[in-house]
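Accompanying notes for the structure given below.
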There are 2 protein chains.
Amino acid sequence: MIGQRVTRQRTAIAGLLDDLGEFRSAKQIHLALQQRGDDIALATVYRTLNAMAESGDVEVLLNPSGEHTYLRCAPTASHHHHHLVCRHCGRTVDVDAPQLEELVSALATEHGFTELEHSVDFVGVCTACARAGAAR
Amino acid sequence: MIGQRVTRQRTAIAGLLDDLGEFRSAKQIHLALQQRGDDIALATVYRTLNAMAESGDVEVLLNPSGEHTYLRCAPTASHHHHHLVCRHCGRTVDVDAPQLEELVSALATEHGFTELEHSVDFVGVCTACARAGAAR
DNA sequence: CTATTTGCAAAGTATTTGCCACCAT
DNA sequence: ATGGTGGCAAATACTTTGCAAATAG
């Protein structure tokens, strides 16, 4: 990685991600950009998101249907934490769970596992959607 | 679902899954079947695995590269538990983590989420692979 | 006998890549 | 000027589906 250029496309994508605050698929992001008037090739969206993911600028989550979804979290300093994601509306809540960290390392040690990954993001139904869903 | 027939293909797939004990992709399962001499169409493998997943006979995990992987766990009575999966060799360890359950429901309550899903399977590196990897 | 299941190939979806024009630096 | 970038379309990878032939019960 020698040079990273600031282009209209990258600025637009970064800007959109900041506004979203929820996990979104590349397709959704692409669509949202178009609706804003930013016409960017889908391939570029993918390339940019991949690059941002690799450099840690966005978090990637594989949703149940096998799509990659992307989220830009804390604008700047982002410490390790997890998310509750609403299955219906996509609303995302950041959670700190120090106990979870402890638990994970305990499990790892106990079974001789190292480098335990736990991009643990829980998927559920948020209050608003639960109410709406109850009517269903 | 009116009738479920026992066919050569389904028997073979179920049998293989029992022998495996590790998360495997549909492709891998298909290949393994061929090597055993069971010639089954890939589409059939997918159809069967999907059916087994839906009826809860197998657990599905979306691996980092976006493939569905399938595992048949406890031969019979399987209670709720989680897995440690080795990133390298695929070795799987079942773990009970009552604290995790508690933690999850605590988080859910705290933030008003319901139906919190946590097919939490941790991906790490097991002892054997860690040793092997150290040589790398 | 007949409804379910299989196999094949084609279709579908998500993502990546090759290549050339283009623009930020 | 010039090398990183973007757009397009073709390629790839995984999975699903339509339909006729095979088969379990």
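Reminder, nothing fancy here: chain letters follow the sequence lines and each chain counts from 1. What you see is a predicted model, and the numbers here were worked out from it, not measured in a lab.
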Whole-Å distance between D/dC14 C1' and B/Leu42 CG?
-> 9 Å
Measure from OH on A/Tyr46 to C1' on D/dG7 and round the result to the nearest Å.
-> 16 Å
Considering heavy-atom distances to DNA chain D, does B/Thr69 or A/Asp39 have its closest nucleotide positioned more toward the 5' end?
-> A/Asp39
Nucleotide of D/dG3, D/dT15, C/dT6 approaching A/Arg5 most closely (side-chain heavy atoms) = D/dG3
Tell me, do A/Leu49 and A/Leu17 make a side-chain contact under 4.5 Å, heavy atoms counted?
-> yes
Could you give the CG-to-C1' distance, from B/Leu31 to D/dC14, as a whole number of Å?
-> 16 Å
Does a side-chain N or O from B/Arg10 land closer than 4.0 Å to OP1 or OP2 of C/dT4, or not?
-> no
Evaluate whether atom CD of B/Glu54 has more than 12 neighbouring non-hydrogen atoms of other residues, nucleotides or ligands under 6.0 angstrom away.
-> no
Is the closest basic N to carboxylate O distance between A/Asp19 and A/Arg36 below 4.0 Å?
-> yes
Would you indicate, yes or no, if C/dT6 has its OP1 or OP2 atom less than 4.0 angstrom from a side-chain nitrogen or oxygen of B/Thr7?
-> yes
Residue A/Thr44, side-chain atoms from C-beta onward, closest of D/dG6, D/dT17, C/dA14 | D/dG6
Roughly, in whole Å, what's the span from CG in A/Leu49 to C1' in D/dG6?
-> 14 Å
To the nearest 0.5 Å, tell me how far B/Leu20 CG sits from B/Tyr70 OH.
-> 13.5 Å
Just compare C/dT15, C/dG7, D/dG7 and give me whichever is closest to any side-chain atom of A/Arg8.
-> D/dG7
Whole-Å gap separating P (C/dA14) and CD (A/Gln28) = 10 Å
Using whole Å, report how far CD of A/Glu67 lies from C1' of D/dC14.
-> 14 Å
Between D/dG6, D/dT16, D/dT17, which nucleotide has the shortest distance from any of its atoms to the side chain of B/Arg47?
-> D/dT17
Verify the contact: side-chain N or O of A/Asn50 to OP1 or OP2 of C/dT16, cut-off strictly under 4.0 Å; return yes or no.
-> yes
By nearest-nucleotide position on DNA chain D, the 5'-leaning member of B/Val6 and B/Ala26 is B/Ala26
If you take all heavy atoms of B/Ile40 and B/Gln9, which pair is closest and at what distance?
-> CD1-CA, 3.6 Å
Please state how far atom CG in A/Asp38 lies from atom P in D/dG6, giving the value in whole angstrom units.
-> 13 Å
Give a yes/no answer on whether the side chain of B/Lys27 brings an N or O atom under 4.0 Å of OP1 or OP2 in D/dA13.
-> no
Interatomic distance, A/His30 NE2 vs C/dA14 P [rounded to whole Å] = 13 Å
Compare the minimum distances between each of D/dG7, C/dT17, D/dT5 and the side chain of A/Ala41, then state the nucleotide with the smallest one.
-> D/dG7
For the side chain of A/Gln9, counting heavy atoms from C-beta on, which of D/dG6, C/dG7, D/dA24 is nearest?
-> D/dG6
